[in-house]
Undergrad: 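First the structure, which I've put down as structure tokens, then a few questions once you've had a look.
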Amino acid sequence: MPVFAIIPQPNPNTPKLGDLIASKFPGEHTVLDGSAGWLVSAKSTAQEISANLGITSGEHGAAIIVEVASYFGRANPNIWSWLKIKLEA
């Protein structure tokens, strides 16, 4: 299933995004450490997720949404496990 990285940007409404992501993608999201953003697994497009979360309109904040094509780096092992499971779904 596609996985998207949601990277928050400065905006007074952006703090609303975490709760909104949790409610709209229960069981299909994880929080990145240090308030770096979220990963969301959905059969959708980046544009559809942006509209669904009110990012396009700015109603719920500002963020960059990128579909994950590959990944590498150093992070909490739970992030790697979550990515592997969701990308293979």
Side-chain angles (χ1 to χ4, degrees):
M1 183 177 308
V3 170
F4 299 88
I6 302 177
I7 306 160
Q9 299 297 295
N11 180 292
N13 292 327
T14 299
K16 298 177 184 178
L17 278 177
D19 291 338
L20 192 57
I21 289 168
S23 70
K24 292 198 177 249
F25 299 99
E28 298 298 331
H29 75 283
T30 191
V31 179
L32 297 174
D33 293 341
S35 302
W38 306 267
L39 295 175
V40 169
S41 178
K43 291 182 181 177
S44 194
T45 67
Q47 184 176 5
E48 290 168 341
I49 290 171
S50 180
N52 187 18
L53 292 173
I55 294 168
T56 304
S57 67
E59 179 182 358
H60 294 117
I64 298 167
I65 302 173
V66 179
E67 186 171 356
V68 175
S70 77
Y71 59 93
F72 193 83
R74 187 173 199 84
N76 182 317
N78 293 332
I79 299 293
W80 303 122
S81 297
W82 188 92
L83 274 167
K84 184 178 184 322
I85 289 166
K86 297 302 180 181
L87 287 169
E88 291 177 355

Undergrad: Group every Ile, Leu, Val, Met, Phe, Trp and Tyr by side-chain heavy-atom contacts under 4.5 Å, then state whether Ile49 and Ile64 land in the same group.
TA: no

Undergrad: Indicate, with yes or no, if Leu20 and Ile55 share a hydrophobic cluster defined by side-chain heavy-atom contacts under 4.5 Å among Ile, Leu, Val, Met, Phe, Trp and Tyr.
TA: yes

Undergrad: Rounded to the nearest 0.5 Å, how far does CG of Leu83 lie from CD of Glu88?
TA: 10.5 Å

Undergrad: So which atom in Pro2 and which in Glu67 form the shortest heavy-atom distance, rounded to 0.1 Å?
TA: CB-OE2, 3.6 Å

Undergrad: Check for a donor-acceptor pair, side chain of Glu28 on one end and backbone N or O of Phe25 on the other, with a separation under 3.5 Å.
TA: no

Undergrad: Roughly how far, to the nearest 0.5 Å, is CD1 of Ile6 from CD1 of Ile21?
TA: 4.0 Å

Undergrad: What's the separation between atom NE2 in His29 and atom NZ in Lys86, rounded to the nearest 0.5 Å?
TA: 10.0 Å

Undergrad: Heavy atoms only: give me the nearest Asn13-Gly61 pair and the separation to one decimal.
TA: CB-N, 3.4 Å

Undergrad: Does any non-hydrogen side-chain atom of Leu87 lie less than 4.5 Å from one of Tyr71?
TA: yes

Undergrad: What about Val3 and Val40, same hydrophobic cluster or not, with Ile/Leu/Val/Met/Phe/Trp/Tyr joined at side-chain heavy-atom distances under 4.5 Å?
TA: no

Undergrad: What pair of heavy atoms forms the shortest contact from Pro8 to Gly37, and how long is it?
TA: CD-CA, 3.5 Å

Undergrad: Please check: side-chain N/O of His60 versus main-chain N/O of Leu53, any donor-acceptor pairing under 3.5 Å?
TA: yes

Undergrad: Return the minimal non-hydrogen interatomic distance between Ser57 and Gly54, and the atom names on each side.
TA: OG-O, 3.3 Å

Undergrad: For Met1 versus Ser41, what's the shortest heavy-atom pair and its separation?
TA: SD-OG, 3.2 Å

Undergrad: Hey, does Thr30 have a side-chain heavy atom less than 4.5 Å from the side chain of Asn78?
TA: no

Undergrad: Would a single hydrophobic cluster contain both Val68 and Ile65, if residues Ile, Leu, Val, Met, Phe, Trp and Tyr are joined by side-chain heavy-atom contacts under 4.5 Å?
TA: no

Undergrad: Look at the side chain of Ser50 and the backbone N and O of Thr56, then say whether any donor-acceptor pair between them is shorter than 3.5 Å.
TA: yes

Undergrad: Measure across Ala62 and Leu17 and return the closest heavy-atom pair with its distance rounded to 0.1 Å.
TA: O-CD1, 4.1 Å

Undergrad: Would you kindly confirm whether Trp82 and Trp80 end up in one hydrophobic cluster when ILVMFWY residues are joined by side chain heavy atoms under 4.5 Å apart?
TA: yes

